[in-house]
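Proteins get letters first, then strands, A, B, ... in listed order; numbering begins at 1 in each. All values derive from a computational prediction rather than experimental measurement.
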There are 2 protein chains.
Amino acid sequence: MASSIHDLARHLNISIGTVSRALNGRADVNADTRQRVLEAAKKLNYSPNQSGRSLRRGSTHSIAFMLQPHPGDQQYGEPFFIPFLTGLQARLAESGLDLIVVMGAPGDYQQERLRRVVETRRADAVVLAWTRREDERIDYLTEAGFPFATLGRSRSGGTAYPSLDLDFEKAGADAVDRLVARGHRRIAAIRPSLDLNFGYLFLDGYRKALRRHGIEVDPGLIADGFINEAGGYSVTPRVMLAKDRPTAIIFNNDAMALGGCKALAEMGIRPGKDMAVIVIVDTPLCRYFSPALTAFRPALEPMGQRLAEMLLASLPAFAGEEGPRTIREVWPLELIARESD
Amino acid sequence: MASSIHDLARHLNISIGTVSRALNGRADVNADTRQRVLEAAKKLNYSPNQSGRSLRRGSTHSIAFMLQPHPGDQQYGEPFFIPFLTGLQARLAESGLDLIVVMGAPGDYQQERLRRVVETRRADAVVLAWTRREDERIDYLTEAGFPFATLGRSRSGGTAYPSLDLDFEKAGADAVDRLVARGHRRIAAIRPSLDLNFGYLFLDGYRKALRRHGIEVDPGLIADGFINEAGGYSVTPRVMLAKDRPTAIIFNNDAMALGGCKALAEMGIRPGKDMAVIVIVDTPLCRYFSPALTAFRPALEPMGQRLAEMLLASLPAFAGEEGPRTIREVWPLELIARESD
DNA sequence: TGTGTCCTCGTAAACGTTTACGGAAAAACG
DNA sequence: CGTTTTTCCGTAAACGTTTACGAGGACACA
C-alpha cells in the first residue's frame, strides 16, 4: 500500500541509492535525475518511512514535550500551554522537526513516561515544563546525557541545558510595589502547594518587596493550595482569618484566583472594591472576569519559539544554525492593569 | 551508549533471536533462559529501540491525537481536552500503546499535519476531535484506509469508524425545557461560528424544543462568534438588541459564556438575576464563576477510556480483545443546576 | 594515446528489531 | 535401543532507509 523507495527506484529504473540522494538534496546527483525523482515522488505520493529513516539515521527528527495533569480532583488542563506549544511547534517545524506531546497519567510526575521516551528513543530531545525546585527529571536527563530544555528554572542539573523562565520574582515584587503605592499594607499571597519553582520565586519577590517597604511578612497572609479553582476556593478563606485582615491578595495562578474570588464573593467581599486582587499569570479568564483582573502577562508564543531556538542551538545536529547560544533566559511579565486592584 | 539486543546477547552468550523471543514472551524459549534474559535486560537497562521495532513490525505502537488551536486572537487552549486525554492515555497504556499528541499550527485545520502523520507512518491510528459537519480529515482517512476514531460526530466518511459524541441535541432541548418551565419564553442561543458539528446539534435541539413548546424561533436570538472569551463577549450584545429582549441565554461553550457574562455585566445585567444563563459544556470555570453557572457536564475521562476501547476493538491487531464493538456512541450530558438560571 | 579529474550512479552494508525455518539435543514412547 | 516427538535455540532474511565506497564514463590536458 504505502510506496517505498524501492517502488520509486523501480518506477524510474534507477537505484534506490540515487533516489535517496536525490530526495535528500545531496550534491552528487544529476540535476535532471533529481527532477525526475522529485516528480515521481509526488506522483506516487511517496514519503519516507519514518521508522526506517530514524533507524538508519539514529535520530527521530522529533521533539517531545512532556505534558502532565497535576494530581487533584477535576484536573482540567492548562490553557496556558497551548500558545506556548504553538510557538514551539512553529519554530521546530521550520527546522523540519515534529513536535509530539506525550501525556502522562496524573500524579506520576512523568518519571515513568520520560524514561520510556528516552529509552525507546522516541524523540531526539525533550522539553520539560513546570520545573520543580529540585527536579528529578532534570537529574535523570542530565545523567542519561539526553538533550532537553526546560520551561522554568530549577536548581537541579547544573546549568548545561537551555532553559527559559518568567521573572516571577520581579512580578511578585512589582505586584507588592503597586499595591503598596495604592495604600495597601496587609497583602496576602496565595500560591500552589506543590514545590513548583515558580511558586518559590514568586514568594521570594513578594517577601523581599514587603521588607523593602518596611512591612513585616505575616505568615498568616501566605497560603498554598492545589493549583486549580478548588485550591484557590478552599485556601482563600484562610488568609481572611488573619487577626488583621488583608486588603489585597496576590494570586499566583489564574485558576486559583477564580476559586479565590468565588470564596470572597460568598463572604460578601467584592474584588476591586472591598479587596484588591492581582494575578501573576494572565489568561483570557482574567480579562473577561468581572471585574477584569489586573494581571501579569507572559509572551507565551514567542517564548515557545525562543525555547525551540535555544534547544536547537544546543543540539549537535543543528548547532551553528543559530548564532548566540544563550543557555538560560528569564523573560519579563508585563503588567496589564485592569479593574481589580 | 544505548544498549542493543546484540549487547544483551553477547553478554549472555546466546543469540539475538533467543533474546528477542524471551523478551517478547514467546513460547519456544526455556523458562530458565528467559529468566536470565529478563534479569540481564534490567541490569543493562535495555529497552528495545522503537524505530527498529516498528520498522520490522510495521506498526508503531502508538496512537496520535490531533490537537489544534483554533484561529483567532489569543487562542488559549481547551482545558476540556485534558481529562479526555487522560482517560484515553490510561486505556491505551493498558494495551501497551503510547499516546502522542500532534500539534498543528492554528488555523490550518490539520490537513497538513495529518497527512504527515499518516504518510510517514508515525502512528498506527489517529484520534480526531472537534469534528465538523463535513470533515475533510475524515474523508481523507477513510480514503487512505488509515484507522481512526473521532470525538464527535460528522456526516463524512460513512459510519465505518468508531466515534463517540455527546448528546448536544438533547442538552440543547433540556436547557430550553428547563428555562421554559421556569417561565422563560425569550431564550437566546450563542454558539461557535465555525461549522463544528456540536454547534449544529445544539441548535437543532434548541429549535425543536422551542417549537415543541409552541415558541417561534427568533433568528435575532441566535448568534455565533469565535469559540473563545472574545467571541462570547463580542456577540452577546447582538442578541440583546432583539426587538424583544431575551430573558435567558444558552451558551454552547464555557469560554463564550465567560465573555458573554462580561458583556452582560457591562450592560448592568446580572446573570442569575436579570438574566438566566445556562452553559452546555461544564468546566471548573462554570462552577467557580460568580454566580455559579448552571451547566451540562460531560464524563470526559470515561469518554476517553471508552473511545480508546472502541478504537482498539476496531484495530485488527487488537480485535477480539474487547467484546462488543459498538461503532458509534452518544453519551448524555448531566445537568448541574447552580445559581445562574 | 595516456593520464588525471570530475560527475554521476550502482552496490552493499548498516541501523535494531522480529520471525520463519531448520537443526540439535533431549524427552517420550514402543 | 530405535524411532518419534518435543523443546529449545541459532541462522539468516527482512523491514525502509542512508551513506561509504568504488566504478564507469566523459572530459580536459599534455
Side-chain angles (χ1 to χ4, degrees), chain A residues 1-38 40-41 44-62 96 98 116 118-124 317, chain B residues 1-38 40-41 44-62 96 98 116 118-124 317:
Chain A
M1 168 120 300
S3 61
S4 82
I5 204 171
H6 290 94
D7 303 327
L8 216 52
R10 206 175 314 120
H11 182 256
L12 289 166
N13 252 333
I14 57 179
S15 78
I16 61 165
T18 304
V19 174
S20 175
R21 278 189 295 265
L23 255 27
N24 288 17
R26 305 197 85 80
D28 55 347
V29 49
N30 189 296
D32 204 57
T33 316
R34 164 166 297 133
Q35 188 57 28
R36 284 174 46 226
V37 169
L38 291 180
L44 295 196
N45 200 13
Y46 167 79
S47 77
N49 179 300
Q50 189 60 30
S51 305
R53 167 174 284 193
S54 57
L55 175 58
R56 168 63 219 221
R57 290 215 249 217
S59 85
T60 63
H61 259 227
S62 62
D98 285 326
R116 205 173 151 73
V118 170
E119 286 171 2
T120 61
R121 272 135 259 150
R122 260 181 181 284
D124 296 346
Chain B
M1 171 119 299
S3 61
S4 83
I5 205 172
H6 290 95
D7 303 327
L8 216 51
R10 206 176 315 123
H11 181 257
L12 289 166
N13 252 336
I14 57 179
S15 78
I16 60 165
T18 304
V19 174
S20 175
R21 278 188 295 264
L23 256 27
N24 288 17
R26 305 198 86 81
D28 55 348
V29 49
N30 188 298
D32 204 58
T33 316
R34 164 167 296 135
Q35 188 58 28
R36 284 174 45 225
V37 170
L38 291 179
L44 295 195
N45 199 16
Y46 168 80
S47 77
N49 179 301
Q50 189 59 31
S51 304
R53 166 174 285 191
S54 58
L55 175 58
R56 169 63 220 223
R57 290 214 243 211
S59 86
T60 63
H61 260 226
S62 62
D98 285 326
R116 204 173 152 73
V118 170
E119 286 171 2
T120 61
R121 274 134 258 151
R122 261 181 181 284
D124 296 345

Take the protein atom [atom1] of [X] and the nucleotide atom [atom2] of [N], then report the distance between them rounded to whole Å.
{"X": "A/His61", "N": "C/dC15", "atom1": "NE2", "atom2": "C1'", "value": "15 Å"}
{"X": "A/Ile5", "N": "C/dG10", "atom1": "CD1", "atom2": "P", "value": "12 Å"}
{"X": "B/Leu12", "N": "D/dC9", "atom1": "CG", "atom2": "P", "value": "11 Å"}

Is any side-chain heavy atom of A/Leu23 less than 4.5 Å from a side-chain heavy atom of A/Tyr46?
->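 Contact flag for A/Leu23/A/Tyr46 side chains = yes.
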
Sub-4.5 Å side-chain heavy-atom contact between B/Arg53 and B/Asn24 |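 A side-chain contact under 4.5 Å exists here.
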
For B/Ser4, side chain to side chain contact (heavy atoms under 4.5 Å, CB included) partners two or more places apart =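 By the side chain to side chain contact (heavy atoms under 4.5 Å, CB included) rule, B/Ser4 matches B/His6, B/Asp7.
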
Check against side-chain contact (heavy atoms from CB on, under 4.5 Å), A/Arg122 and B/Asp98 | CA-CA 10 Å; A/Arg122 260 181 181 284; B/Asp98 285 326; 3.0 Å; yes

If you take atom types as modelled and just measure distance, does the side chain of [X] reach the base of [N] with a donor-acceptor pair under 3.5 Å?
{"X": "A/Arg53", "N": "D/dT17", "answer": "no"}
{"X": "A/Arg56", "N": "D/dT17", "answer": "no"}
{"X": "A/Arg57", "N": "D/dG16", "answer": "no"}
{"X": "A/Arg21", "N": "C/dG10", "answer": "yes"}

Describe the nucleic acid contact of [X] in one word from base, sugar-phosphate, nothing, applying a heavy-atom distance below 4.0 Å.
{"X": "B/Asp28", "result": "base"}
{"X": "A/Thr33", "result": "sugar-phosphate"}
{"X": "A/Gly17", "result": "base"}
{"X": "B/Ser20", "result": "base"}

What nucleotide, of D/dC15, D/dT17, C/dT19, holds the atom closest to the side chain of B/Leu55?
->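 My answer, after comparing the listed nucleotides, is D/dC15.
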
Of the listed nucleotides D/dC8, C/dA12, C/dT8, the one nearest the side chain of A/Ile16 |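 Of D/dC8, C/dA12, C/dT8, C/dA12 is nearest to the side chain of A/Ile16.
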
Dot-bracket encoding of pairs in DNA chain C, which uses [ ] for pseudoknotted crossings and | for another strand, Watson-Crick or G-U under 3.5 angstrom | ||||||||||||||||||||||||||||||

Is any side-chain N or O of A/Thr18 closer than 4.0 Å to OP1 or OP2 of C/dG10?
->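 So the side chain of A/Thr18 is within the cut-off, an N or O lying under 4.0 Å from OP1 or OP2 of C/dG10.
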
In the 5'-to-3' direction, what one-character label does each nucleotide of nucleotides 23-28 of chain D receive under the scheme B = base within less than 4.0 Å of a protein heavy atom, S = sugar-phosphate only, - = no such atom?
-> ------

